[in-house]
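Just so you know, these numbers use all the heavy atoms, side chains as well, and skip hydrogens, waters and symmetry mates. The sequence lines fix the lettering, A, B, ..., with proteins before strands; numbering per chain opens at 1.
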Amino acid sequence: MDQGAVSDTKPFTPSGIVTLLTDFGLEDAYVGIVKGVILGINHRAGIVDITHGVVLGDIIHAAIILQHSYRYFPEGTIHLAVVDPGVGTRRRPIIVKTGGHFFVGPDNGIFGKVISGSSRVVHITNRRYFLSEPGSTFHGRDIFAPVAAHLSNGVSYEKMGHFIDDSVPINIPVPRREDGKLVGQILYVDHFGNMITNIRRNDIESLGSESRKRIRIMDVIIEGIADTYANKGKGEPVALFGSTGYMEIAVNMGNACRMFGVEHGEERDIKVIVENV
Amino acid sequence: MDQGAVSDTKPFTPSGIVTLLTDFGLEDAYVGIVKGVILGINHRAGIVDITHGVVLGDIIHAAIILQHSYRYFPEGTIHLAVVDPGVGTRRRPIIVKTGGHFFVGPDNGIFGKVISGSSRVVHITNRRYFLSEPGSTFHGRDIFAPVAAHLSNGVSYEKMGHFIDDSVPINIPVPRREDGKLVGQILYVDHFGNMITNIRRNDIESLGSESRKRIRIMDVIIEGIADTYANKGKGEPVALFGSTGYMEIAVNMGNACRMFGVEHGEERDIKVIVENV
Amino acid sequence: MDQGAVSDTKPFTPSGIVTLLTDFGLEDAYVGIVKGVILGINHRAGIVDITHGVVLGDIIHAAIILQHSYRYFPEGTIHLAVVDPGVGTRRRPIIVKTGGHFFVGPDNGIFGKVISGSSRVVHITNRRYFLSEPGSTFHGRDIFAPVAAHLSNGVSYEKMGHFIDDSVPINIPVPRREDGKLVGQILYVDHFGNMITNIRRNDIESLGSESRKRIRIMDVIIEGIADTYANKGKGEPVALFGSTGYMEIAVNMGNACRMFGVEHGEERDIKVIVENV
């Protein structure tokens with residue numbers, strides 16, 4: 001992928017919206033401070049939280065959430081995404097421009113699912129757009145927030161650093177074919193206890209569309225892929241393509257994660273097998 | 001109740017504020033996506049979270065919270081309320097107009113405490129105001145958010161569907177009289193561990209105002225109804241009418257829920273008895 | 001400290017921003033209601049949450065968070081801070097003016113770290129700026145929110161009450177010198193499990209700058225004060241001056257609180273000893 005060659009030439013007019021996606025949680029002042037810094041530079045910014053509940057340091061979780069949420073914001077939006085276990089190391093701060101949206105954060109794969117061949121990526125080096133005296137533990141405050149705020153003020157990203165074409169990719173496990181079956185896994189569990197897998201609709205189509213599907217997870221068999229949670233009886237497990245675009249294992253009126261006894265942190269060890277009946 | 005006959009004819013000027021009340025939690029992107037959709041339609045909407053921490057699927061909890069919070073917002077506010085375990089079934093999406101406020105969400109009783117005889121209710125059917133290709137698992141994003149945004153832009157709700165007069169009521173348990181006593185129950189527990197009952201001031205008045213009251217809960221007796229938490233000693237239980245208008249069982253400087261050993265999910269099995277001394 | 005004598009005469013132009021810092025949590029409507037009240041008085045207020053996750057009733061936690069966050073907001077910002085276990089008692093509602101910022105909340109020490117010799121403090125007594133019929137359990141809604149909103153509208157704080165010079169101080173434990181060592185303690189634990197101590201850089205300097213430092217906490221020895229988390233190997237404990245300005249005990253790519261087995265509520269019993277090697 002040569003990110004520099006085919007550039008994203010869509011003109012950029014700031015929408016005035018800055019979104020935030022972090023693993024900072026909400027019990028400290030970290031998120032509030034980031035917002036204060038942004039508002040200090042652009043009083044009129046409209047700041048929207050996507051979430052601050054990314055699993056601590058989980059770049060895959062952040063990358064997936066960002067991928068399926070950013071498109072719902074108007075073009076011209078700046079997305080600040082900071083899940084940054086390597087803060088203070090040599091990992092680069094970057095700006096990504098993709099399809100009328102800007103993304104600001106660390107170059108650690110968090111933007112791996114929004115960077116495409118036509119994206120442009122800038123390594124941020126111009127300290128003029130940082131807070132004075134940036135520290136080494138909170139680049140969300142010292143670098144990413146002020147850069148996002150200046151972008152929302154209409155400052156060109158080209159002034160903030162130089163183009164690169166070797167941004168760090170993200171390595172999200174993909175389902176594999178095995179004996180005519182599709183073997184995927186859980187990626188994460190949402191607030192409802194729904195277990196979001198790494199299986200997408202076209203993965204299923206690769207099994208052929210003529211026959212009904214059967215899903216196996218742990219010792220449970222789920223017959224067919226449903227349209228909605230209520231396709232199954234109350235308390236029964238259901239497999240469907242949810243709002244994220246990925247197959248989810250859910251329980252109608254219930255909590256799949258709890259029903260399957262999946263402990264936090266084990267999700268990605270759990271196989272989800274799809275086969276033709 | 002004929003909701004159609006006596007209509008709420010108060011003119012409606014959008015305040016520009018859209019509130020959100022859901023059980024979506026904050027660890028996923030669901031809330032952020034709803035906000036993105038709203039801002040895509042009305043850039044200038046002022047979006048305010050009431051809470052996203054409604055107990056999962058608990059329509060009674062949502063209905064009570066909505067009832068005692070919406071009045072604090074200016075007239076002309078749109079309130080999006082989505083606790084929607086029946087998403088994807090035939091339950092209707094509705095708009096409620098009550099006293100200068102609009103409410104948007106599923107017709108499952110969530111608006112049961114804000115609908116009065118003069119309210120008007122519209123069954124939303126006009127797909128022109130939906131996101132294109134609405135799915136069957138996330139109507140908050142696909143139907144309710146865009147409808148709320150269009151309302152906040154001043155689009156008339158009459159264009160979005162047709163009036164109905166059979167919206168689903170809410171069945172919140174009410175205290176009963178038994179042997180000259182009042183027998184109520186806990187409805188929910190708040191962040192402070194205060195246990196909010198279903199007993200209102202006029203329920204108490206029905207016992208007569210001449211004598212002091214005694215409250216029994218589990219094996220504990222609380223003498224009198226206090227004005228504020230500090231009417232009792234530190235660590236002692238207290239009964240008072242809190243900010244919700246309902247009687248609360250609290251502990252001065254402490255956590256009543258923990259002191260009484262009430263487990264999450266058991267609240268509504270716990271009786272609260274009020275008697276004259 | 002004579003707060004009245006040397007007054008803060010910086011002129012005040014509202015930035016339009018009102019921040020919120022409370023222990024209300026996010027699962028109830030309390031925060032939403034406060035925002036509704038503010039917006040009812042100033043439609044154009046930009047409301048920003050610092051956090052609502054202060055440890056219940058923990059005024060020290062709130063005072064520290066406020067101290068290190070308010071400066072990141074533009075001058076002219078109103079900071080509403082309500083951790084108020086004494087609500088309904090005779091503790092006074094106050095407004096503090098410090099360096100171009102206003103603070104509104106209870107006079108219980110929560111502003112102890114932002115009040116300096118040049119601050120001015122007003123005891124709020126003018127009921128004209130309260131909600132009508134304020135209750136005795138939710139002054140955040142009935143008194144502090146409307147006062148903050150009127151301040152953000154440009155109403156002079158002098159109209160809201162009278163100056164006082166005896167506001168309640170905050171008693172945050174400070175490190176002590178013992179046998180040539182510095183003995184501090186944990187103040188609180190953040191979302192990342194980092195343990196924030198009460199030791200500041202100039203406390204360390206008092207030990208002399210010529211020699212390397214050694215930190216002892218529980219049975220663990222940490223050699224040297226690092227610049228960033230990644231100065232140590234993955235999973236190893238590290239001591240550094242974090243974004244709060246206080247020394248933190250952290251674990252590179254890990255959770256220090258969990259690694260040290262510190263239970264919630266025990267933090268302040270844990271000693272942190274710094275000595276010269």
**Report entry** Plane angle bin for C:H101 and C:H79 - parallel if under 30°, tilted between 30 and 60°, otherwise perpendicular
**Finding:** parallel

Contacting region of [X] [heavy-atom separation from chain C under 4.5 Å]:
| X | value |
| --- | --- |
| A:Y30 | side chain |
| A:V34 | neither |
| A:L56 | side chain |
| A:I41 | neither |
| A:D23 | both |

**Report entry** A:H123: partners by ring pair (Phe, Tyr, Trp, His ring centres under 6.0 Å), with sequence neighbours left out
**Finding:**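 Applying ring pair (Phe, Tyr, Trp, His ring centres under 6.0 Å) to A:H123 gives A:H162.
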
**Report entry** Max heavy-atom pair count under 4.5 Å with chain A, selected residue of C:F73, C:F241, C:Y229
**Finding:** C:F73

Report summary line: From the list A:G40, A:A145, A:G86, A:S136, the residue making the most non-hydrogen contacts under 4.5 Å with chain C is A:S136

Query raised in the report: So which of A:G25, A:G135, A:G57 has the biggest tally of heavy-atom pairs under 4.5 Å with chain C?
Result: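 Winner by heavy-atom pair count: A:G25.
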
[X] versus chain A, heavy atoms under 4.5 Å apart: side chain, backbone, both or neither?
| X | value |
| --- | --- |
| C:T19 | neither |
| C:L26 | side chain |
| C:L21 | neither |
| C:Y188 | side chain |

**Report entry** A:Q185 side, atom CD; A:I172 side, atom CD1 - distance, nearest 0.5 Å
**Finding:**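 Here the interatomic distance stands at 10.0 Å.
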
Query raised in the report: Would a 4.5 Å heavy-atom cut-off, applied to side chains only, mark C:T197 and C:I217 as touching?
Result: no

Query raised in the report: Restricting to pairs with a member in residues 44-63 of chain C, which pass side-chain hydrogen bond (donor to acceptor under 3.5 Å, both in side chains), not counting sequence neighbours?
Result: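 Listed by first then second residue: C:T22-C:H52, C:K35-C:D49, C:D49-C:H52, C:D58-C:R268.
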
Query raised in the report: Would you say A:Q67's side chain and A:I65's backbone share a donor-acceptor pair under 3.5 angstrom?
Result: no

Requested in this report: State whether the side chain of A:D107 and the backbone N or O of A:V168 hold a donor-acceptor pair below 3.5 Å, judged by distance alone.
Outcome: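 The answer is yes, because a donor-acceptor pair under 3.5 Å joins these two groups.
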
Report task. Would you sort out whether C:M195 and C:V272 count as a side-chain contact (heavy atoms from CB on, under 4.5 Å), showing the intermediate values? Result -> CA-CA 10 Å; C:M195 301 190 291; C:V272 180; over 6 Å; no

